[in-house]
There are 2 protein chains.
Amino acid sequence: MRRRRSDRTSAPSPAEPAPIDPIDPDAVAGSVLAGDCIEVMRRLPAGSVDMIFADPPYNLQLAGPLHRPNNSRVAAVEDAWDKFPDFAAYDAFTHAWMAEARRVLKPQGTIWVIGSYHNIFRVGAAIQDLGFWILNDVIWRKTNPMPNFRGRRFTNAHETLIWAARDARTRYRFNYKALKRLNDGLQMRSDWLLPICSGPERLKDGEGRKAHATQKPLALLYRVLQAATAPGDLVLDPFFGTGSTGVAAKALGRRFIGIERDPGYVDLAMRRLAEAPETPDPKLLGGDGVEREPRIAFGLLVETGLLPVGTKLWDRQARHSVKVRADGLVETGRGRNAAFGSIHQMGVKASGGPSCNGWTFWHTRARNGTLTPIDELRRRLRAEMAEEPLTAAEEDAAEENAAGTDIPAPLSVTT
Amino acid sequence: MRRRRSDRTSAPSPAEPAPIDPIDPDAVAGSVLAGDCIEVMRRLPAGSVDMIFADPPYNLQLAGPLHRPNNSRVAAVEDAWDKFPDFAAYDAFTHAWMAEARRVLKPQGTIWVIGSYHNIFRVGAAIQDLGFWILNDVIWRKTNPMPNFRGRRFTNAHETLIWAARDARTRYRFNYKALKRLNDGLQMRSDWLLPICSGPERLKDGEGRKAHATQKPLALLYRVLQAATAPGDLVLDPFFGTGSTGVAAKALGRRFIGIERDPGYVDLAMRRLAEAPETPDPKLLGGDGVEREPRIAFGLLVETGLLPVGTKLWDRQARHSVKVRADGLVETGRGRNAAFGSIHQMGVKASGGPSCNGWTFWHTRARNGTLTPIDELRRRLRAEMAEEPLTAAEEDAAEENAAGTDIPAPLSVTT
DNA sequence: GGGTCGGCTGAATCATGCT
DNA sequence: AAGCATGATTCAGCCGACC
């Protein structure tokens with residue numbers, strides 16, 4: 001039966017969804033919302049959070065109690081929230097919460113989901129089916145995993161995280177340089193070695209038993225947040241548990257919203273968060289270190305006299321050269337072979353590659369033959385413009401580079 | 001239209017599947033079968049192979065060319081075999097070949113599938129949907145992965161293998177001890193650190209380019225085969241490629257069947273296998289070092305006089321004791337408290353645990369009070385029966401244990 | 001012959017802002 | 001919205017060339 005428009009003004013029938021009571025994300029930032037995550041997410045506006053971290057039930061399907069060789073019993077995940085009748089039920093649940101998560105995510109946001117081989121393949125397939133675009137799968141290698149007591153399998157020494165963008169071709173955030181610094185100057189890899197959550201960090205109940213079966217280590221959350229968020233970003237965790245995501249967010253100057261169904265965990269997380277430290281100084285948070293430096297047009301080097309008109313520039317093998325023109329372009333050849341263009345365009349011509357960064361391709365040549373990339377001149381100009389004095393080491397380096405070149409010392413610059 | 005029975009005797013119509021031409025697995029062991037793996041597997045009898053290793057297409061979905069910072073172009077996987085129109089097509093393909101693989105697998109067999117985040121979640125979900133039972137996901141961590149040239153993601157430094165049994169409750173093979181030895185005496189973990197296939201191992205074509213885009217390192221196959229097969233086992237690889245699985249199988253004394261669609265790869269693999277070394281001495285293959293040992297009934301210790309009837313056995317804390325009976329059982333208590341059973345059953349009774357290994361639970365007690373597990377007696381008996389002299393260290397240990405006990409020196413045994 | 005240096009390559013879903 | 005200009009970006013290992 002087709003509904004007439006006037007029906008809509010009447011009270012909703014039982015078959016219709018309950019009227020949505022909207023939640024203002026900014027108003028609830030920093031708190032834990034009690035309730036089913038699907039229902040709570042429905043009340044959040046679309047495109048309202050920067051990142052989502054989710055640690056959903058693993059659907060462990062343990063056959064029976066497991067005992068160590070000394071016959072002591074292993075404390076397993078036996079909570080009701082981890083029980084699903086079959087894969088279909090788990091898939092339905094996964095699609096449901098993940099569809100809401102995607103709606104709530106900003107177009108340029110990303111989602112992280114952690115799981116084990118029991119559930120991660122269902123989760124990954126659902127992520128792809130819902131239109132997310134996987135960026136990496138990341139392996140958390142445990143330094144101290146539980147051994148395999150029966151000796152029937154490999155020690156299950158890792159868990160898998162999936163990192164995905166909301167859409168295939170969006171501009172997501174990845175703090176590449178920050179993570180490279182965290183990894184001693186090498187690119188951060190997709191395998192992370194971290195201890196499991198134990199010792200004082202592991203929350204206990206009154207009787208000294210672990211308060212939550214699957215509490216994640218803060219170090220894991222730190223790395224996730226540092227990789228994919230900026231200070232001030234809003235992070236959503238729909239399976240908040242003991243609130244590790246919130247603790248990490250607070251420490252890193254990120255905002256968060258936690259959703260948790262179990263009232264006991266809600267209480268626990270709120271008490272934990274009240275005492276969690278907050279980084280007082282935003283400068284300590286770092287960021288990516290690639291906050292855009294002011295753009296410098298090549299022509300400015302000519303105008304400021306750093307590169308006099310007619311100066312010859314060479315590639316690193318000194319096989320190609322161009323001459324600096326007054327209009328900030330460079331030229332090469334004579335007569336019919338003559339050509340001119342930007343440092344980048346002429347770099348493409350000279351190198352034959354598909355693209356070229358002229359700043360690092362072209363060099364000045366000192367009288368003794370030493371080649372210096374013109375990017376070095378740009379760096380010095382930037383330093384002057386910022387009116388920040390060079391460090392002693394930088395001054396030394398600058399003088400050393402300048403010594404014996406045809407290039408005049410940098411001038412004062414006014415924009 | 002319903003078909004009448006008599007139709008079946010006539011020549012098959014084009015709509016009917018072609019008549020199956022059966023393949024005898026033993027006859028084709030050690031060779032490469034050319035053709036589509038689904039069609040070829042259909043011709044193999046059900047339950048005919050011990051293990052399957054599969055390296056299916058990853059469905060990479062690469063957008064455009066990628067260049068290194070030095071502008072050289074990355075050689076991508078651009079082969080037609082890796083192209084699928086969408087996830088649905090890939091899923092259908094995956095289900096189809098994997099269903100055949102499961103049929104061909106022995107009930108106690110296992111399957112290994114390798115993939116990356118592009119496909120492994122589809123593969124894992126299909127494995128579960130088809131009734132396989134996942135035993136582990138194993139992470140191949142690459143020592144030397146390709147970097148992320150644009151700094152937009154984590155270095156994709158690993159691939160994932162799924163190891164699954166045909167059914168949930170089958171007795172599959174896992175050479176636990178062999179892998180523990182491979183790992184310096186520690187349990188083998190689910191994360192394996194291995195280099196990618198390069199250098200002389202990497203097959204090249206006439207022009208020095210890689211012969212196959214995705215050749216896997218032999219070390220990876222060695223470990224897989226050592227973990228999950230016994231010498232003489234028949235291993236099937238439905239995506240044989242350059243035949244690394246065959247080379248590893250030949251070296252480890254396993255039999256193999258390779259299936260490969262591309263005639264060029266078939267030729268290449270056959271030539272490679274002809275020159276691949278075969279381990280001549282089966283003793284070098286090792287095995288697990290467990291099931292080679294003959295089973296020793298507890299009663300044999302009584303029959304051989306190693307444990308005279310009436311000897312008292314104690315648990316490690318000397319809190320419980322049993323007496324050895326002539327029939328190879330042990331008994332405890334008197335009158336109404338009397339009970340008897342196997343060393344294992346009585347161990348369960350004494351320890352209160354769910355299970356008990358009587359060989360390590362029960363001990364003989366020397367006059368000076370020293371307790372020695374009866375497993376030590378079994379070990380000495382095994383050594384005699386094998387007529388293999390003990391190593392010097394074993395002799396020392398055995399003597400030390402025997403010194404001052406009530407237990408007579410081992411007798412010569414004839415079975 | 002040995003050591004050093006530069007070049008090449010590997011299952012890769014690899015850019016962004018302005019006009 | 002599409003096109004164009006700018007310019008940011010790599011690690012381990014093998015191999016050959018060259019001292």
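To find a chain, count down the sequence lines: A is the first, B the second, and so on, and within it residues start at 1.
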Can you give the dot-bracket line for DNA chain C, where a pair is Watson-Crick or G-U wobble with both atom distances under 3.5 Å, crossing pairs use [ ], and | marks a partner on another strand? .|||||||||....|||||

Counting heavy atoms from C-beta on, name the nucleotide in [options] closest to the side chain of [X].
X       : options                  : value
F149(B) : dA12(C), dT10(D), dA8(D) : dT10(D)
P69(B)  : dG13(D), dA11(C), dT9(D) : dT9(D)
R378(A) : dA8(D), dG10(C), dC14(C) : dA8(D)

Would you kindly check whether a donor in the side chain of R68(B) faces an acceptor in the base of dG10(C), or vice versa, at under 3.5 angstrom? yes

Quick one: on DNA chain C, does R209(B) or Y117(B) contact a more 5' nucleotide (nearest heavy atom)? R209(B)

How would you label the contact of [X] with the nucleic acid (heavy atoms, under 4.0 Å): base, sugar-phosphate, or nothing?
X       : value
T143(B) : sugar-phosphate
K204(B) : nothing
A76(B)  : base

Are R150(B) and dA15(C) close enough that a side-chain N or O sits under 4.0 Å from OP1 or OP2? yes

Can you sort out which residues in residues 313-325 of chain A have a heavy atom within less than 4.0 Å of DNA chain C? Ascending by number, please. none

Walk along nucleotides 14-19 of chain D from 5' to 3' and tag each nucleotide B, S or - by protein heavy-atom contact under 4.0 Å, base first, then sugar-phosphate. SS----

